[in-house]
Amino acid sequence: MAYWLMKSEPDVYSIDDLKKDRLEPWDCIRNYQARNMMRDDMRIGDEVFFYHSNCAEPGIVGIMTVASKPYADPTQFDRKSKYYDPKSSPEKPRWQLVDVRFKRKLKRNISLRELKSHPGLSDFILNRRGNRLSIMPVSPDYWELILGME
DNA sequence: GCCAACGTTGGC
DNA sequence: GCCAACGTTGGC
C-alpha cells in the first residue's frame, strides 16, 4: 500500500465537504504528472493526506483513501465546464481521475509552517521551494512522522 | 528541439 | 493582491 498527498482549495472543496459527501471523484486535475500518478500508481486502499492550499492556514487536515480504479474525468467532455478539453474525446480521454473516500479528519490542522519547521521533513516534496504539484507521493517514513505530529 | 510568451499555482 | 516558480503552447 502506498501513501499520497492531494491538495484542494477549501473554498472550492474542503475536508468538511468530503466528510459530508463521503465519496468524491477527484476531478479537474489538468497536470500530467498528477494525472499519471492517479492513472498509473494509485491502488484502491492507498491512504491520502487531504491538504488545504491557497487559504489562511495551509496544511494537512484529514485522511482519505483511494476508492476506485482510474477512469476518465467527465469534466473534460463538458463544453460548459471551465475544465472542458477540446482535444480530448470519450474514445481517447486525456484526463483520468480516481474516487476518494473520507476516512477521518485530523484532530488538528498540521500547518505547512509546522511541516517546514520540522527538521526531519527538510526533504519532503511539499516543502520544496516553488512546489506546485497538487498530487504527490509520501514515503511511509514521512507518513508516520507526520501522523505523529497530530 | 529551442525558447519566448503566456497562464496557473499557491505562499505570503 | 503580489509575484516567484513552474508548466504549456506554438512559432520557428
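The sequence lines fix the lettering, A, B, ..., with proteins before strands; numbering per chain opens at 1. Owing to the predicted nature of the structure, the values given are computational and were not obtained by experimental measurement. Just so it is clear, the values below take in all heavy atoms, side chains as well, and ignore hydrogens, waters and symmetry mates.
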Margin query: With a 6.0 Å cut-off on the ring centroids, do Y71(A) and W95(A) count as close?
Written below: no
Side-chain heavy atoms of D99(A) within contact of R101(A), under 4.5 Å:
no
Whichever of N54(A) and R128(A) has the more 5' nearest nucleotide on DNA chain C, that residue is N54(A)
Give the table of side-chain donor-acceptor pairs shorter than 3.5 Å for residues 117-124 of chain A, with sequence neighbours excluded, one pair per line with atom names and distance.
from: S117(A); atom 1: OG; to: R113(A); atom 2: O; distance (Å): 3.4
from: S117(A); atom 1: OG; to: E114(A); atom 2: O; distance (Å): 2.9
from: H118(A); atom 1: ND1; to: G120(A); atom 2: N; distance (Å): 2.9

Check your understanding: Do the side chain of K105(A) and the main chain of D16(A) share a donor and acceptor less than 3.5 angstrom apart?
Key -> no
Less than 3.5 Å apart, which donor and acceptor atoms pair up between the side chains of residues 143-150 of chain A and the rest of the protein, not counting sequence neighbours?
from: E150(A); atom 1: OE1; to: R104(A); atom 2: NH2; distance (Å): 3.1
from: E150(A); atom 1: OE2; to: R104(A); atom 2: NH1; distance (Å): 2.8
from: E150(A); atom 1: OE2; to: K107(A); atom 2: N; distance (Å): 2.8

- Would you please say whether a donor-acceptor pair under 3.5 Å links the side chains of R39(A) and Y32(A)? no
By nearest-nucleotide position on DNA chain C, the 5'-leaning member of K87(A) and Q33(A) is Q33(A)
If hydrophobic clusters are built by linking Ile, Leu, Val, Met, Phe, Trp and Tyr wherever their side-chain heavy atoms come under 4.5 Å apart, do I44(A) and L5(A) end up in the same one? no
*Single-linkage hydrophobic cluster Y83(A)~I135(A), side-chain heavy atoms < 4.5 angstrom*: no
Practice problem: Could you state whether L112(A) and I125(A) fall into the same hydrophobic cluster, counting links through intermediate Ile, Leu, Val, Met, Phe, Trp or Tyr residues with side-chain heavy atoms under 4.5 angstrom apart? | Solution: yes
Within residues 88-97 of chain A, those residues having any heavy atom closer than 4.0 Å to DNA chain C are none
Bend of the helix from dG1(B)-dC12(C) to dC12(B)-dG1(C) from end-axis comparison, five pairs per end, nearest 10°, comes to 10°
The first and last nucleotides of DNA chain B lying within contact of chain A, meaning any atom under 4.0 Å from one of its heavy atoms, run from dG7(B) to dC12(B)
Residue pairs passing the salt bridge (charged side-chain N to carboxylate O under 4.0 Å, His left out) test with at least one member in residues 17-30 of chain A, sequence neighbours excluded, are R30(A)-D73(A)
